[in-house]
Amino acid sequence: MDRRSFLRLLVAGGAAAVLAACGADPGSDDAESVSPGQAEPDAGRRGWFKDTAPFIAHADGKSLEARLELMPSGLITPPSHFFVRNNSTSCSVDPESWRLRVEGDGVTWEARFSLESLRAFPSRTITSYLECAGNHRAMFDRVQGCAAEGTQWGTGGVGNGEWTGVALRDVLDFAGIRPDAVSVLLIGLDTESPEGGFRRVLPVGKALHPDTLLAYALNGEPLPRDHGFPVRAVIPGWVGASHVKWLGRIVVSREQLWTRNNTTSYVLIGDDYPPEGEALGRPVTRQTVKSALALPWPAELEPGPRTLHGFAQSPDGPVVRVEWSDDAGSTWHDAQVESADRYSWARFELAWEATTGEHTIMTRATDSAGATQPERIPFNQKGYLFNQPVPHPIRVA
Ligand SMILES: Nc1nc2c(c(=O)[nH]1)N[C@H]1C(S)=C(S)[C@@H](COP(=O)(O)O)O[C@H]1N2
Ligand SMILES: [Mo]
């Protein structure tokens, strides 16, 4: 890797303004021309309740990006370190008056649940990672040299939680879901969101999957307000946007539903993604296999033997293998992978001899289904699902 490319990787900025110029021109060097700054330590606008110290607080006031290097040991992310992504601001919901309404022509009758009545269904606990569809978005700029629209997430738009709740399937069965139901629309109570309540459509098959949860606890504690208290959806393996927080209403429909979040947002838009239905491209559903080193960007290390670690995740987990390369992918070595549950992220470790100079280390994960990170992923306008191996810049001095 030449010095110029290396410098480009050091540019921490996303360049939303250059979007119009982007396309299939990976050779263009516009990454250096615009650098609005990835984030500010404190955007000055509190859209969340938690202490922002361990995070990169993005200037949009809606995104707290985890610093993977600050994650405590083990596999479970404590709420203090769990990233936040809001489309407006975090909500405070009164659990006493909270009700979940289930309605629509796809159910036999309208059902209403208090928190207590919801908790009466059998509870399930699933360890699952939750990752924003835009996690790694800044890599379109940093690695491909073509910035995508939206919050310039580095590698910290992801966390791994132990979620407890009830199966959405049980709730839908209770409401008498009809055999010809097609779409299940989850609606949040954050009415300042676009559309008045953030919402996502689930195909009925995914809604009835036994692992699709309405969760009321994270890591054995009531959900924190920033993460959807009192109840949120958890859709293991699917993009963060489908994990609707502050859930208030579910509409079951016998027709395919289209909303902002499966037509213009959370849609892969680009030459490689032909439009589906009323969408501008292909709606994002499942996540893709990814890995990242738990290091600042760029990392600065002292010379000598170093043990580096990171996290890897896949919708078809667990991740069973992680390889790494410090010669731009010419040779790959196996990292040690700590085994994990089906939907959990995995932790990996590698021994590296840090020699004075500038380096990059790439990592590449493979899951139990054999899926691995591709050498290159085609550009999409909104920068979702970037999962080619990330060349992490490391300066040793
Ligand atoms: N009601 C509501 N649910 C929401 C959102 C939102 O803005 N409002 N953001 C979604 C997006 S885009 C992501 S990535 C995840 C983030 O979950 P977290 O903030 O608990 O990490 O929540 C999803 N659920
Ligand atoms: Mo997201």
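Start at 1 and go down the list; that is how both ligands and their atoms are numbered.
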Requested in this report: Examine Ala241 against ligand 1 and note whether any of their N/O atoms are separated by less than 3.5 Å.
Outcome: no
Query raised in the report: Hey, are Arg321 and Glu323 close enough for a salt bridge, meaning a charged N less than 4.0 Å from a carboxylate O?
Result: yes
Query - Distance under 6.0 Å and angle within 45° of ring axis: Arg232 vs Trp246 - result: no
Query raised in the report: To which of His227, Lys62, Glu192 does the heavy atom nearest atom 18 (P) of ligand 1 belong?
Result: His227
Query raised in the report: What atoms of ligand 1 come closer than 4.0 angstrom to any heavy atom of Asn86?
Result: 7 (O)
Query raised in the report: Which residue holds the protein heavy atom closest to atom 19 (O) of ligand 1, what is that atom called, and what is the gap in Å?
Result: Lys245 NZ, 2.5 Å
Requested in this report: State, without any angle test, whether Ser63 and Arg85 hold a side-chain donor-acceptor pair at a distance under 3.5 Å.
Outcome: yes
Report task. Answer yes if the side chains of Glu131 and Gln313 hold a donor-acceptor pair under 3.5 Å, and no otherwise. Result -> yes
Report task. Would you kindly say whether Lys50 and His227 are connected by a side-chain donor-acceptor distance under 3.5 Å? Result -> yes
Query raised in the report: Hey, are Arg395 and Glu358 close enough for a salt bridge, meaning a charged N less than 4.0 Å from a carboxylate O?
Result: yes
Requested in this report: For ligand 1, find out whether one of its N or O atoms is nearer than 3.5 Å to an N or O atom of Glu131.
Outcome: no
Query raised in the report: Can you tell me which residue and heavy atom of the protein come closest to atom 9 (N) of ligand 1, and the distance to 0.1 Å?
Result: Arg85 O, 3.2 Å
Query raised in the report: Which protein heavy atom lies closest to atom 21 (O) of ligand 1, and at what distance to 0.1 Å?
Result: Phe83 O, 2.7 Å
Report task. Identify, for atom 8 (N) of ligand 1, the protein heavy atom at the shortest distance, and state residue, atom and that distance. Result -> Asp190 OD2, 2.6 Å
Query - Backbone of Thr264 reached by a side-chain donor or acceptor of Lys382 within 3.5 Å - result: yes
Query raised in the report: Got the closest protein heavy atom to atom 15 (C) of ligand 1, with its distance?
Result: Gly240 O, 3.5 Å
Report task. Please state which part of Trp246 comes within less than 4.0 Å of ligand 1, counting heavy atoms only: side chain, backbone, both or neither. Result -> side chain
Query raised in the report: What are the atoms of ligand 1, with element, lying closer than 4.0 Å to any heavy atom of Cys132?
Result: 14 (S)
Query raised in the report: Where the closest heavy atom to atom 7 (O) of ligand 1 is concerned, which of Asn87, Leu186, Val234 has it?
Result: Asn87
Query raised in the report: Can a donor-acceptor pair be found between the side chains of Lys245 and Asn86 at a distance below 3.5 Å?
Result: yes
Requested in this report: Examine the proximity of ligand 1 to Arg232 and report which part, side chain or backbone, both or neither, has a heavy atom under 4.0 Å away.
Outcome: side chain
Query raised in the report: Trp297 ring centre to Arg142 NZ or CZ under 6.0 Å, with the angle to the axis within 45°?
Result: yes
**Report entry** Polar proximity ligand 1 side, His243 side, N/O cut 3.5 Å exclusive
**Finding:** yes
Report summary line: Among Tyr266, Trp153, Phe198, the residue with a heavy atom nearest to atom 6 (C) of ligand 1 is Phe198
**Report entry** Contact atoms of ligand 1, heavy-atom distance to Val84 under 4.0 Å
**Finding:** 19 (O), 21 (O)
Query raised in the report: Are Arg254 and Asp180 within salt-bridge range, i.e. N to O under 4.0 Å?
Result: yes
